[in-house]
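All heavy atoms count here, side chains included; hydrogens, waters and symmetry mates do not. Lettering follows sequence order; numbering is per chain, from 1.
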Amino acid sequence: MAMQKHPEKIIFEYSRPGRGAFGQWPTERHSPNEPASGIPANLLRKRKPLLPEVSELEVVRHFTKLSQLNFSIDTHFYPLGSCTMKYNPKACNQYAMLPGFLGRHPLAPESLGQGFLACMYELQEMLKEVTGMQGVALSPMAGAHGEFAGVAMIRAYHRARGDLARNEIIVPDAAHGTNPATAVMCGCVVREIPTKDDGDIDVEALRQVVGPNTAGIMLTNPSTCGVFERRIKEVAKIVHDAGGLLYYDGANLNAILGKVRPGDMGFDVIHMNLHKTFSTPHGGGGPGAGAVGVSQRLLPFMPIPVVGKEAGVGKDGDRYRWLTEKDLPQSIGRLSAFMGNAGVLIRAYIYMRMLGREGMHRVGEYATLNANYLMARLARAGFDPAYPGRRASHEFIITAKKQKDVLGVSAMDFAKRLLDYGFHAPTTYFPLLVPECLLIEPTETESKEALDGFVDAMIAILREAETQPDYVKTAPHTMTVRRLDDVRAARQLDLTWKPATSQGLRPTPENAVPS
Amino acid sequence: MPFNPQTPGDVEQMLATIGASKVDDLFDEIPKDLRIESLAGIPDALNEMDIGKLMSARAAQDGTPLNFIGAGAYEHHIPSAVWALTTRGEFYSAYTPYQAEASQGTLQLIYEYQTMITSLTGMDVSNASLYDGGSAVGESALMAIRAHRRSKSQRILVPTTVNPFYRKAAVSTVGNQGVKLEEVPCPKGSLSIADLEKYADEDVTALVIQQPNFFGVLEDVDALTDWAHAHNMLVIASVNPTSLGILKPPGEWGTKGADIACGDCQPLGVPLSSGGPYAGFLTTKMENVRQMPGRIVGRTVDMDGKQGFALTLQAREQHIRRGKATSNICTNQGLLVTAATIYLSLMGPEGLARVANACHARTNELLAALARVKGVKVAFDRPRFHEAVVQLDRPVAPVIADLARKGIVGGFDLSNDYPELGNALLVCATETRTREDIQKYADALAETLKAAVRAA
Ligand SMILES: Cc1ncc(COP(=O)(O)O)c(C=O)c1O
């Protein structure tokens, strides 16, 4: 395994005055001590910033070693529920990084961007097709940003009709934290509704909360409980009849790709996490892309810019251009300085073209097959699905409540011990309503053997929990660090390195870096 | 289906384990009338060879013109090591570092980033990134309102010298919460205290100061910061990180320093790439740390007392606090922070200062060359960094279009956002422009202006 087992020094601890990656610096006459011509002294920096002074090799070695302290899709099975950690094809990165794409300035004339804009236009069209929506805007930069765009559009829609009282957003208690947080960022009040024991939302409770103040509802379907909301048509009718709109959180779109479309279910607006369903990388925390799709009535409110096409005449062919405030005067506006995470969008475009019609259809099928197989095997091995009797979508929940009650070993303990077995942990303690929750999403790109290996590890950990629970409760044992002191991290804030705090990491047999 | 490993034999065995007769049975909880049978609008699959040809053709179609625009996105030299390391699968294909023990690489890197960016800005604490420099101004405004409890107005002053794209993104971000971003006109191309006097006796929560400002001009940040503080306003600085290689950090502006400093990491090793992905940064003083949006990494120890890193102060965030979180942000721009951290490590204090000085020198040379072209005038005779406004003797758009035909991206047309400036063009030259490039631009502009006169 590629895991680096030794801790790595902080980069500043390699720093020596006078060292540097000289080959990267401009060979300029100016020395930094010489004031730049024409800049008054009171506007200049007096002290050097704390940046490392290290050679290029030191930089390469340091960050390579840091990378080796990570689990990733490329190195490990990563069944993190709700996150869709599927293979990120190398071609998507390779071709998005062609110099022509990388070098293009966002404000360069459209005449020098027709190749790029063509990709963006076609991406919009493909996303419309797979979601059943009437318009797509690409600029939101992550799922939560797409949610923000969606709820802002819902508000703009009601406002444009003079329906000013509608400021309540309904969210199920199982919703992702970004849903209520987004509603509040959009100036709305959150009304929470419960989930029933079978994983569907409580439709009677929904009937009770809708009314003249309802702006809309935010739903994930399949839900974060890993099941398909069976009464979705009824839900749509209740909300629409009350004058509200339906928002689709597309985090789980992978489950239903090519099988059923949010637009057909009655949703008015959706975001897609292109970094989940369309396999752009998660990058250790981003960037993502949260393209939004809208129904007919929300078209005028889409965030700008959107790519438009003018059918060409003669040999000039089609021309693509940005649609801005001038074209969409009712738009909720600009959400990013330029046009969102363009490079991520190119990666999603390449992925969709490589899947094609047939492949798109198979994504949901294999993701669902893998999840149901894994759930069946774990159930047989003595683990409890949270919603027995339900089909898994592309993910499912195992509750470790029994193991916690009987053996004292929690979902967290299973998660940490899995790391020792070479598997990234599932999502833990989300959604919150399921006790000792492990939300498991294998994705379609994992082989049967990988899934079987995970089941074997879970069985082995269960045996350990029965025979030596303390060992499981103090896992992991084979990572560079053991369980970290989160309380200390929050109480004794150490958020930046300072020369005085250097621990120096004197080589000991344990942390010595092998030469 | 290009990336699936399941063989027909696997599928059969897996279905048997599940107890289903065919894959389609797994979808039997979805109402029948909602199911679709095909996605007619999606084209046939391309294999890697064919998509490679298509993308190469599309990229080539856009060419590699000579660029003279900045306006919030800057062309810089990017060391090979930056993206060779950043695209390593262990960084590229990892998730947000929730499982700390399996994510020490990303966590330590963010800690190193927080150290570098706070030192550049002269602040105490940084988050792990926001979406971009535009949304960072919006988040800073919301944060200022939380931090400045004595101010009740939710009014933030935003001079017109702040990047208009940032202003628009900020307005969209805060508008639904009743926060008012008020434009302060700056007719002289920089913000002066005279422009602010009328707010002296009003309850205003914060003032945004961009340095260098959108026109490339250097604001008198010490005086402005002291004025804002004297009038009970917080100061939000929006700054270019390259410039901080030589310019005074916001933490040292005036007597007390700015309260929040934000901006975009794009100039630090991130390609222009049609506008993204970039990474917003947000730094502040320790007293405001609990009001910050986004993720923060802290150093701590493990069960054996060994140093390790973890996400901290998570009670500010949506996954814990839900509707009471400081922001809805979840996924941020982590991979670009990786690139920026590697870039700053390669540059060090001297390399970054040299880049900043070279940009400044090239822009001065560009202005000298353009000033010699008939029909061109340099506006705002004030100290500047690496951008400037020039005024033409005729409408800008056709000139830019003509330069584009010559393979030159000639600048950003200011006439939509600043009609009061007339036929104004914002130009930029960074360290990547050579003297020959600059001369080529000046010659092309001269030719364009001459030809246009003939045509008129
Ligand atoms: C169900 C759900 N909704 C929303 C989000 C937010 O998406 P992002 O992290 O891209 O902002 C996530 C991802 O974490 C999610 O799982």
Q: So which residue, Gly52(B), Ser135(B), Ala20(B), Gly72(B), ends up with the most heavy-atom pairs under 4.5 Å with chain A?
A: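 When all of Gly52(B), Ser135(B), Ala20(B), Gly72(B) are compared, Gly52(B) has the most.
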
Q: Please flag which part of Glu29(B) lies under 4.5 Å from any non-hydrogen atom of chain A: side chain, backbone, both or neither.
A: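 Both parts, backbone and side chain.
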
Q: What pair of heavy atoms forms the shortest contact from Lys448(A) to Asp10(B), and how long is it?
A: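 Scanning both residues completely, I find the closest heavy atoms to be CD-OD1, 3.9 Å.
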
Q: Could you walk me through whether Asn4(B) and Val363(A) pass the side chain to side chain contact (heavy atoms under 4.5 Å, CB included) check?
A: CA-CA 9 Å; Asn4(B) 275 56; Val363(A) 166; 6.0 Å; no

Q: Does any heavy atom of chain B fall under 4.5 Å from the side chain of Lys86(A), the backbone, both, or neither of them?
A: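 Interface part for Lys86(A): neither.
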
Q: Counting only heavy atoms closer than 4.5 Å, note whether Thr87(B) contacts chain A via side chain, backbone, both or neither.
A: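 Answer is side chain: those atoms of Thr87(B) sit under 4.5 Å from chain A.
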
Q: With sequence neighbours excluded, what pairs up with Glu56(A) under the salt bridge (charged side-chain N to carboxylate O under 4.0 Å, His left out) test?
A: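 By the salt bridge (charged side-chain N to carboxylate O under 4.0 Å, His left out) rule, Glu56(A) matches no residue at all.
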
Q: What part of Leu247(B) gets within 4.5 angstrom of chain A, counting heavy atoms only: side chain, backbone, both, or neither?
A: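 Both backbone and side chain of Leu247(B) come within 4.5 Å of chain A.
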
Q: For the residue pair Asp62(B) and Phe116(A), what are the closest heavy atoms and their distance?
A: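 Minimum heavy-atom separation between Asp62(B) and Phe116(A): OD2-N, 2.9 Å.
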
Q: Indicate whether any N or O donor in one side chain lies under 3.5 Å from an N or O acceptor in the other, for Ser67(A) and Arg88(B).
A: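 Yes, Arg88(B) and Ser67(A) have a side-chain donor paired with an acceptor closer than 3.5 Å.
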
Q: Return the option, out of Val171(B), Ile320(B), Leu244(B), Val221(B), with the maximum number of heavy-atom pairs under 4.5 Å with chain A.
A: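 Between Val171(B), Ile320(B), Leu244(B), Val221(B), the count favours Leu244(B).
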
Q: Do Asp494(A) and Arg299(B) sit within salt-bridge range, that is, some charged N less than 4.0 Å from a carboxylate O?
A: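 Arg299(B) and Asp494(A): salt-bridged.
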
Q: I'd like to check Phe148(A) versus Ser327(B) (side-chain heavy atoms, cut-off strictly below 4.5 Å). Are they in contact?
A: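 They are not in contact (no side-chain heavy atoms under 4.5 Å apart), so the answer is no.
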
Q: Is Ala415(A) close to chain B through its backbone or its side chain, or both, or neither, when contacts mean heavy atoms under 4.5 Å?
A: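 Contact with chain B: side chain only.
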
Q: Is the closest side-chain donor-acceptor distance between His105(A) and Glu75(B) under 3.5 Å?
A: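 No pair is found: no donor N or O on one side chain lies under 3.5 Å from an acceptor on the other.
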
Q: Where on Asp44(B) is there a heavy atom nearer than 4.5 Å to chain A: the side chain, the backbone, both, or neither?
A: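 For Asp44(B), the contact with chain A is made by backbone and side chain together.
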
Q: Checking Ala183(A) against chain B: side chain, backbone, both or neither under 4.5 Å from a heavy atom?
A: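 The answer is neither part of Ala183(A).
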
Q: If only atom types and distance count, is the side chain of Gln6(B) paired as donor or acceptor with the main-chain N or O of Ser447(A) below 3.5 Å?
A: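 Pair absent, no side-chain N/O of Gln6(B) close to backbone of Ser447(A).
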
Q: Checking heavy atoms, do the side chain of Leu98(A), its backbone, both or neither come under 4.5 Å from chain B?
A: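 When you check distances to chain B, only side chain atoms of Leu98(A) fall under 4.5 Å.
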
Q: If I measure from the heavy atoms of chain A, does Thr96(B) come under 4.5 Å with its side chain, its backbone, both, or neither?
A: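 The answer is both parts of Thr96(B).
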
Q: With a 4.5 angstrom heavy-atom cut-off, could you sort out which part of Glu147(A) is near chain B: side chain, backbone, both or neither?
A: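 No part of Glu147(A) comes within 4.5 Å of chain B.
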
Q: Quick one: does Leu26(B)'s side chain get under 4.5 Å of Leu369(A)'s, heavy atoms only?
A: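 SC-SC contact between Leu26(B) and Leu369(A) confirmed.
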
Q: Mind listing the closest non-hydrogen atom pair of Gly275(B) and Phe338(A) along with its distance?
A: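 Here Gly275(B) and Phe338(A) meet closest at CA-CB, 3.9 Å.
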
Q: Does Asp302(B) form a salt bridge (Lys or Arg N to Asp or Glu O under 4.0 Å) with Arg482(A)? I'd like the steps, not just the answer.
A: CA-CA 5 Å; Asp302(B) 73 0; Arg482(A) 300 185 62 200; 5.9 Å; no

Q: Look at Pro249(B), Gly308(B), Gly133(B), Ala60(B) and state which one has the largest set of heavy-atom pairs under 4.5 Å with chain A.
A: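 Winner by heavy-atom pair count: Pro249(B).
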
Q: Is Gln24(A) in contact with chain B via its backbone, its side chain, both, or neither, using a 4.5 Å heavy-atom distance?
A: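 The answer is both parts of Gln24(A).
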
Q: Using non-hydrogen atoms only, which part of His145(A) is less than 4.5 Å away from chain B: side chain, backbone, both, or neither?
A: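 For His145(A), backbone and side chain are both near chain B.
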
Q: Can you say whether Thr118(B) sits under 4.5 Å from chain A via the side chain, the backbone, both, or neither, judging by heavy atoms?
A: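 For Thr118(B), side-chain heavy atoms alone lie under 4.5 Å from chain A.
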
Q: In terms of heavy-atom pairs under 4.5 Å with chain A, which of Tyr95(B), Phe91(B), Phe165(B), Phe27(B) leads?
A: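 Top count of heavy-atom pairs under 4.5 Å with chain A: Tyr95(B).
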
Q: With salt bridge (Lys or Arg N to Asp or Glu O under 4.0 Å) as the criterion, how do Arg483(A) and Glu101(B) come out once you've worked through the C-alpha distance, each side chain's angles and the decisive distance to 0.1 Å?
A: CA-CA 7 Å; Arg483(A) 278 189 212 192; Glu101(B) 300 86 349; 5.3 Å; no

Q: Check whether Ser38(B) gets within reach of chain A through its side chain, its backbone, both or neither, counting any heavy atom under 4.5 Å.
A: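 Ser38(B) touches chain A through backbone heavy atoms alone.
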
Q: Identify the heavy atoms of Leu484(A) and Phe309(B) that sit nearest to each other, and give their distance.
A: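 Taking Leu484(A) first and Phe309(B) second, the nearest heavy atoms are CD1-O, 3.2 Å.
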
Q: Checking side chain to side chain contact (heavy atoms under 4.5 Å, CB included) for the pair Tyr92(B)/Asn88(A): CA distance, chi angles, key distance, verdict?
A: CA-CA 9 Å; Tyr92(B) 186 82; Asn88(A) 307 146; 4.3 Å; yes

Q: Is there a donor-acceptor pair under 3.5 Å between the side chain of Thr115(B) and the backbone N or O of Trp497(A)?
A: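 Confirmed, Thr115(B) side chain pairs with Trp497(A) backbone.
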
Q: Is Gln104(B) close to Val481(A) at the side-chain level, that is, under 4.5 Å between some pair of heavy atoms?
A: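 Sidechains of Gln104(B) and Val481(A): in contact.
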
Q: Between Asn364(B) and chain A, which part of the residue has a heavy atom less than 4.5 Å away: side chain, backbone, both or neither?
A: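 Only the side chain of Asn364(B) comes within 4.5 Å of chain A.
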
Q: When you measure from the side chain of Gln177(B) to the backbone N and O of Gly187(A), does any donor-acceptor pair fall under 3.5 Å?
A: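 No; zero donor-acceptor contacts below 3.5 Å.
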
Q: Where on Ser56(B) is there a heavy atom nearer than 4.5 Å to chain A: the side chain, the backbone, both, or neither?
A: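 Its backbone and side chain both get close to chain A.
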
Q: Pick one of side chain, backbone, both or neither for Leu109(B), based on which atoms fall under 4.5 Å of a heavy atom in chain A.
A: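 Contact with chain A: backbone and side chain both.
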
Q: Heavy-atom distances under 4.5 Å only: say whether Gln333(B) touches chain A with side chain, backbone, both or neither.
A: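 Looking at Gln333(B), backbone and side chain both touch chain A.
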
Q: Is chain B contacted by the side chain of Tyr87(A), its backbone, both, or neither, given a heavy-atom distance below 4.5 Å?
A: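 The side chain, not the backbone.
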
Q: Quick one: what part of Glu252(B) sits under 4.5 Å from any heavy atom of chain A, side chain, backbone, both or neither?
A: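 When you check distances to chain A, only side chain atoms of Glu252(B) fall under 4.5 Å.
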
Q: In terms of heavy-atom pairs under 4.5 Å, which option from Lys168(B), Glu112(B), Arg321(B), Arg405(B) contacts chain A the most?
A: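 Ranked by contacts with chain A, first place is Glu112(B).
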
Q: Heavy-atom distance under 4.5 Å to chain B: side chain of Ile332(A), backbone, both or neither?
A: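 Answer is backbone: N, CA, C or O of Ile332(A) sit under 4.5 Å from chain B.
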
Q: List the atom of Cys119(A), the atom of Met55(B), and the distance in Å for their closest heavy-atom pair.
A: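 Scanning both residues completely, I find the closest heavy atoms to be SG-CE, 3.8 Å.
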
Q: With a 4.5 angstrom heavy-atom cut-off, could you sort out which part of Tyr131(B) is near chain A: side chain, backbone, both or neither?
A: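 When you check distances to chain A, atoms from both the backbone and side chain of Tyr131(B) fall under 4.5 Å.
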
Q: What part of Asp222(B) gets closer than 4.5 Å to chain A, counting heavy atoms only: side chain, backbone, both or neither?
A: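 For Asp222(B), side-chain heavy atoms alone lie under 4.5 Å from chain A.
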
Q: Heavy-atom distances under 4.5 Å only: say whether His176(A) touches chain B with side chain, backbone, both or neither.
A: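 The answer is both parts of His176(A).
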
Q: Please flag which part of Pro476(A) lies under 4.5 Å from any non-hydrogen atom of chain B: side chain, backbone, both or neither.
A: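 The side chain, not the backbone.
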
Q: Report which part of Met265(A) has an atom under 4.5 Å of a heavy atom belonging to chain B: side chain, backbone, both, or neither.
A: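 Met265(A) touches chain B through backbone and side-chain heavy atoms alike.
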
Q: Please enumerate all residues that pass salt bridge (charged side-chain N to carboxylate O under 4.0 Å, His left out) together with Lys259(A), with sequence neighbours excluded.
A: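 For Lys259(A) the salt bridge (charged side-chain N to carboxylate O under 4.0 Å, His left out) partners, ignoring immediate neighbours, are Glu365(A), Asp24(B).
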
Q: Are the aromatic rings of His319(B) and Phe430(A) close, with centres under 6.0 Å apart?
A: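 His319(B) vs Phe430(A): aromatic centres not under 6.0 Å.
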
Q: Work out which heavy atom in Ile42(B) is nearest to a heavy atom in Gly356(A); give both atom names and the distance.
A: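 It is CG2-C, 3.6 Å.
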
Q: So which of Pro43(B), Ser129(B), Pro31(B) has the biggest tally of heavy-atom pairs under 4.5 Å with chain A?
A: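 Going by pairs under 4.5 Å, I would pick Pro43(B).
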
Q: Does any non-hydrogen side-chain atom of Leu493(A) lie less than 4.5 Å from one of Leu313(B)?
A: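 Yes, side chains in contact.
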
Q: With no hydrogens and no angle check, is any side-chain donor or acceptor of Asn328(B) less than 3.5 Å from a backbone partner on Ala144(A)?
A: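 Side chain of Asn328(B) to backbone of Ala144(A): a pair is present.
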
